[in-house]
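What follows is one structure encoded as structure tokens, with my remarks underneath.
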Amino acid sequence: MKDVTLQNDQWSADNYNTHASFVPQLGNTILSMLNAQSHERILDVGCGSGELTNDLASQCAQVVGIDASPDMINKANRIRRYDNTTYHVVDGQAIPSWLTENQIPTFDAVFSNAALHWMKNDPEGVIKGMHKALKSGGRIAVEFGGFMNVGEVHTALIQALNRRGLDGKAYSPWFFPSDIHYRHLLEKHGFNVQQIDLIPRPTRLDTDVAGWIETFGFTFLNALPTDRDRQQMIQEIVEQLRPSYQREDGAWYVMYVRLRAVAIKT
Ligand SMILES: C[S@@+](CC[C@H](N)C(=O)[O-])C[C@H]1O[C@@H](n2cnc3c(N)ncnc32)[C@H](O)[C@@H]1O
């Protein structure tokens, strides 16, 4: 099978598992909204290092996990728990050509947790891809960052680059749509939306904001030339956020806003 290889993989499965184990753990709500059935074949878009995909695989007949990061897919293969699961390095924005070139049969459902907001270049292409991947009457159950997600950290990263004479917003890798906008996109591309909500979720970090930025803020960090510059920017942001985001006992939180949607292919 032909896979797409991401140039310059900036994801680290080790960093992800150390600093963000809460991401797959908190994916259990959208997993239960998917309501996978034992006979179903399901596509997991942006499956990451495969923890949640293992849970999904225990509930259905077959799972195909795709992710643009070879490091994540390697880890997912290493921790795979069930024989009914296969993984491929595929850009979620290129699902139609992947399906056609590899003659992939259609799926009963598409699942995705905490991944679609990373596909900023072509969000509508992702929706078209999910639509094409489904059988008629098939469903999607997806959760990802919505409007205002991680707002203070996002703004702090942009402003830190602005202060250094760069166009900070141009380095943002994220697409955080409102429920209104995403409903419109889903309907435009042939989905009947059953449910769509924006859910604010104060989220306790495994480590701290520095670890969060090292794991997820790589496009901003890589705008700077040296490791010293990057560490300086991280420390600046940590001190900026400490008054609001660090609890009395030292634990760090970030305000996530999740967009959860279930929709049927019409
Ligand atoms: C926060 S992780 C979530 C992983 C997993 N779904 C989970 O719940 O643990 C986001 C994932 O999106 C993947 N990703 C980012 N851009 C992508 C793209 N264009 N196509 C496919 N996957 C992408 C990353 O490689 C990463 O594994």
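Any value given below was found using the heavy atoms of this structure, including those in side chains, with hydrogens, waters and symmetry copies removed. As the structure lists them, so they are numbered: ligands from 1, and atoms in each ligand from 1.
The distance from ligand 1 to the heavy atoms of D91 drops below 4.0 Å at these ligand atoms: 18 (C), 19 (N), 20 (N). Those atoms of ligand 1 that come under 4.0 Å of a heavy atom in V90, given as number and element, are 20 (N), 21 (C). For ligand 1, the atoms lying closer than 4.0 Å to a non-hydrogen atom of Q93 are 19 (N).
You'll find the side chain of V150 reaches within 4.5 Å of the side chain of Y256, heavy atoms only. Looking only at side-chain heavy atoms (C-beta outward), L186 and I140 come within less than 4.5 Å of each other.
Put simply, CG on N35 and SG on C60 are 11.5 Å apart, with the number rounded to the nearest 0.5 Å.
Residue D67 places at least one N or O, backbone or side chain, under 3.5 Å from an N or O of ligand 1. On a distance-only criterion, S49 and ligand 1 share no N/O pair closer than 3.5 Å.
Looking at T53 against ligand 1, nothing comes within 4.0 Å, counting heavy atoms. Residue-level proximity to ligand 1 for E51 is absent, since no heavy atom of it falls below 4.0 angstrom. Here A20 has no heavy atoms under 4.0 Å from ligand 1, in either its backbone or its side chain.
Here atom 18 (C) of ligand 1 lies nearest to A68 when heavy atoms of G46, G65, A68, P173 are compared. Ranked by closest heavy atom to atom 23 (C) of ligand 1, the top entry among E143, M119, M72 is M119. Looking at G27, G92, P24, C47, it is C47 that brings a heavy atom closest to atom 5 (C) of ligand 1.
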Chi angles and distances behind the side-chain contact (heavy atoms from CB on, under 4.5 Å) call for L205, V254 | CA-CA 7 Å; L205 305 185; V254 168; 3.8 Å; yes
Could you check L116 against M130 for side-chain contact (heavy atoms from CB on, under 4.5 Å), going step by step and ending with a plain yes or no?
-> CA-CA 11 Å; L116 300 188; M130 296 193 294; 4.2 Å; yes
Assess whether side chain to side chain donor-acceptor pair (under 3.5 Å) is satisfied between S69 and D9, documenting all intermediate values.
-> CA-CA 6 Å; S69 159; D9 187 2; 2.9 Å; yes
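Applying ring-ring contact (aromatic ring centres under 6.0 Å, His included) to W118 and the options W11, F144, F175 leaves one that passes, W11.
A salt bridge is defined here as a Lys NZ or Arg NE, NH1 or NH2 lying under 4.0 Å from an Asp or Glu carboxylate O, and R183 with E187 meets this definition.
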